[in-house]
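From a predicted model like this one, the values you see are computed outputs, not experimental measurements. All values below come from the heavy atoms of this structure, side chains included, with hydrogens, waters and symmetry mates left out. Residue numbers start from 1 in every chain, and the chains themselves are labelled A, B, ... in the order their sequence lines are given, proteins ahead of strands.
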There are 2 protein chains.
Amino acid sequence: MISTRGRYALRVMIDLAEQEPGRYTPLKDVAERQRISKKYTEAIMAGLSKAGLVDAAHGKGGGYRLNRPAEEYSVGEILRITEGDLAPVACLEHGASPCAYAENCRTLPVWDKLNLMVNEYLDSITLASLAE
Amino acid sequence: MISTRGRYALRVMIDLAEQEPGRYTPLKDVAERQRISKKYTEAIMAGLSKAGLVDAAHGKGGGYRLNRPAEEYSVGEILRITEGDLAPVACLEHGASPCAYAENCRTLPVWDKLNLMVNEYLDSITLASLAE
DNA sequence: CCATTTGCCTACCATGTCAATAGGTTGTTT
DNA sequence: AAACAACCTATTGACATGGTAGGCAAATGG
């Protein structure tokens, strides 16, 4: 359900949240602290950057930093961006072709509520509450 | 998180719960009603049978039937048997090698509680409540 | 006893995702 | 110009998934 990629992304974001706010932190440092390979961290960071969760600066003294205060990120948001979707079943995934038998599917309500529960829980946790 | 296999297994179990109790239902009939290929249904049913969730009878007039009243099955039980595990992250899976940094992992409590929530919810739904 | 029905078992395959790596390019700063 | 750091595109190996094929074993009905 939640892959290594997503879990790493969360750890990376927590790491950034623990740095001095506003300052850029080189990816290399984050990767070393989190014991994630530099290359793999790059791939993950690229997604976070493209989605606008973090801000990047090239060159010496550059690196990454959070774009907003840590209280304004939720775990759900971070995971949805890196994982694409948190839906527990394929038929609820964003952009899934609607199931022809959904109308009288006995199991759909189960997945529906599960989906809601998971998302609500993860949305209720802020990045700040996990840092420091 | 929950694959086709698990979702099919649940539908199959609901189908059996809707048949006359005690009577054997041929796999062929279940597969046709549920619009799942006979062969794939076989593979799924084999797991349910081996785990003792259903009872099988060979030969003419044979088939499958539930081993207990439908009220005594939970969705969680059925899914855990067919999916192996419902853990949202690898480090919580049954038999996973314990993470060396679990002691001071900032994210572990999140996964832990998520795991608990998901299992408790799915365990609270009985097969009977989905049938008929 | 034999044919039919039905479950059971083993193997196989095609596709796709995941984790991770490699190498090079672009942009910034000092 | 040199060092640094982000960015981009491929590629790889391993594994899970969804699904199929063919044959064997057991039970039943006639």
Side-chain angles (χ1 to χ4, degrees), chain A residues 1-9 11-12 16 19 23-32 34-65 67 79 82-85 87-91 93 96-97, chain B residues 1-9 11-12 16 19 23-32 34-65 67 79 82-91 93 96-97 99:
Chain A
M1 179 191 195
I2 290 161
S3 64
T4 308
R5 196 181 199 84
R7 280 178 286 135
Y8 284 179
R11 278 167 54 193
V12 162
L16 286 182
Q19 307 311 310
R23 238 203 171 68
Y24 288 105
T25 306
L27 178 144
K28 198 183 122 205
D29 295 6
V30 177
E32 276 170 10
Q34 297 302 320
R35 295 182 192 84
I36 308 173
S37 92
K38 198 186 153 201
K39 276 297 179 185
Y40 199 33
T41 310
E42 270 186 19
I44 289 162
M45 208 64 112
L48 298 173
S49 181
K50 191 180 276 183
L53 290 199
V54 297
D55 184 26
H58 282 229
K60 223 168 209 171
Y64 292 95
R65 68 180 180 191
N67 245 341
L79 291 180
T82 49
E83 297 276 325
D85 212 315
V89 293
C91 60
E93 269 165 25
S97 54
Chain B
M1 178 189 197
I2 291 161
S3 63
T4 309
R5 197 181 197 82
R7 278 178 287 135
Y8 284 179
R11 279 167 53 193
V12 163
L16 286 182
Q19 307 312 310
R23 238 203 170 69
Y24 288 106
T25 307
L27 179 143
K28 198 184 121 204
D29 295 7
V30 177
E32 276 171 11
Q34 297 303 320
R35 294 182 192 84
I36 309 173
S37 92
K38 199 187 154 201
K39 277 297 178 186
Y40 199 33
T41 310
E42 269 187 19
I44 290 162
M45 208 64 112
L48 298 173
S49 181
K50 190 180 276 182
L53 290 199
V54 297
D55 183 27
H58 281 230
K60 227 166 208 171
Y64 292 95
R65 67 179 179 192
N67 245 341
L79 292 180
T82 49
E83 298 275 324
D85 213 316
L86 296 180
V89 293
C91 59
E93 268 165 25
S97 53
C99 174

Review point. If you look at every strand shown and take non-hydrogen atoms under 4.0 Å, does B/Ala43 touch a base, only sugar-phosphate, or nothing?
Key: nothing
Point to revise | Between P of C/dG7 and CZ of B/Arg65, the distance in whole Å | key: 13 Å
Point to revise | For B/Ala31 against B/Lys38, the heavy-atom pair lying closest together | key: CB-CA, 4.0 Å
Check your understanding: Does the side chain to side chain contact (heavy atoms under 4.5 Å, CB included) test come out yes or no for A/Tyr8 and A/Thr41, once each step is laid out?
Key -> CA-CA 8 Å; A/Tyr8 284 179; A/Thr41 310; over 6 Å; no
Study note, to complete from the structure: Quick note, B/Tyr8 side chain, CB onward, closest among D/dC8, D/dG19, C/dT6 is D/dG19
Check your understanding: With sugar-phosphate meaning primed atoms plus P, OP1 and OP2, does B/Ala46 contact a base, only sugar-phosphate, or nothing at under 4.0 Å between heavy atoms?
Key -> nothing
Practice item. Show your reasoning for whether side chain to side chain contact (heavy atoms under 4.5 Å, CB included) applies to B/Val30 and B/Thr25. Key: CA-CA 7 Å; B/Val30 177; B/Thr25 307; 3.9 Å; yes
Point to revise | Audit row: A/Met1, B/Val89, side chain to side chain contact (heavy atoms under 4.5 Å, CB included) steps and yes/no | key: CA-CA 7 Å; A/Met1 179 191 195; B/Val89 293; over 6 Å; no
**Study point:** Atom pair distance, as rounded to whole Å: CD1 in A/Ile2 and C1' in C/dA19
**Key:** 17 Å
Exercise for review: Report the distance from atom OH of B/Tyr40 to atom P of D/dG22, rounded to the nearest whole Å.
Suggested key: 20 Å
Check your understanding: 5'-most contact on DNA chain C: A/Arg7 or B/Lys28, nearest heavy atom basis?
Key -> B/Lys28
Review point. Between C/dC18 atom P and A/Met1 atom CE, what is the distance in whole Å?
Key: 14 Å
Review point. Does a nitrogen or oxygen in the side chain of B/Tyr64 sit under 4.0 Å from OP1 or OP2 of C/dC8?
Key: yes
**Study point:** Presence of A/Ser37 side-chain N/O under 4.0 Å of C/dT21 phosphate oxygens OP1/OP2
**Key:** yes
**Study point:** d(NE2, A/His58; P, C/dT30) in whole Å
**Key:** 15 Å
Point to revise | d(NZ, B/Lys38; C1', D/dT20) in whole Å | key: 13 Å
Practice item. Calculate the interatomic distance between B/Ile36 atom CD1 and D/dG18 atom C1'; express it in whole Å. Key: 12 Å
Check your understanding: Is the distance from OP1 or OP2 of C/dG7 to the nearest side-chain N or O of B/Tyr24 less than 4.0 Å?
Key -> no
Practice item. Kindly indicate, with the supporting measurements, whether the criterion side chain to side chain contact (heavy atoms under 4.5 Å, CB included) is fulfilled by A/Tyr24 and A/Gln19. Key: CA-CA 9 Å; A/Tyr24 288 105; A/Gln19 307 311 310; over 6 Å; no
Revision key, fill the gap. Checking C/dT30, D/dA6, D/dG18 against the side chain of A/Lys60 (C-beta onward), the nearest is C/dT30
Check your understanding: Does B/Lys39 get its side chain close enough to the base of D/dG22, under 3.5 Å, for a donor-acceptor pair?
Key -> yes
**Study point:** Side-chain N,O (A/Thr4) to OP1/OP2 (C/dC18) below 4.0 Å
**Key:** no
**Study point:** Protein-nucleotide distance (A/Ile44, atom CD1; C/dT21, atom P), rounded to Å
**Key:** 11 Å
Exercise for review: Indicate whether OP1 or OP2 belonging to C/dC18 is found under 4.0 Å from a side-chain N or O atom of A/Ser3.
Suggested key: no
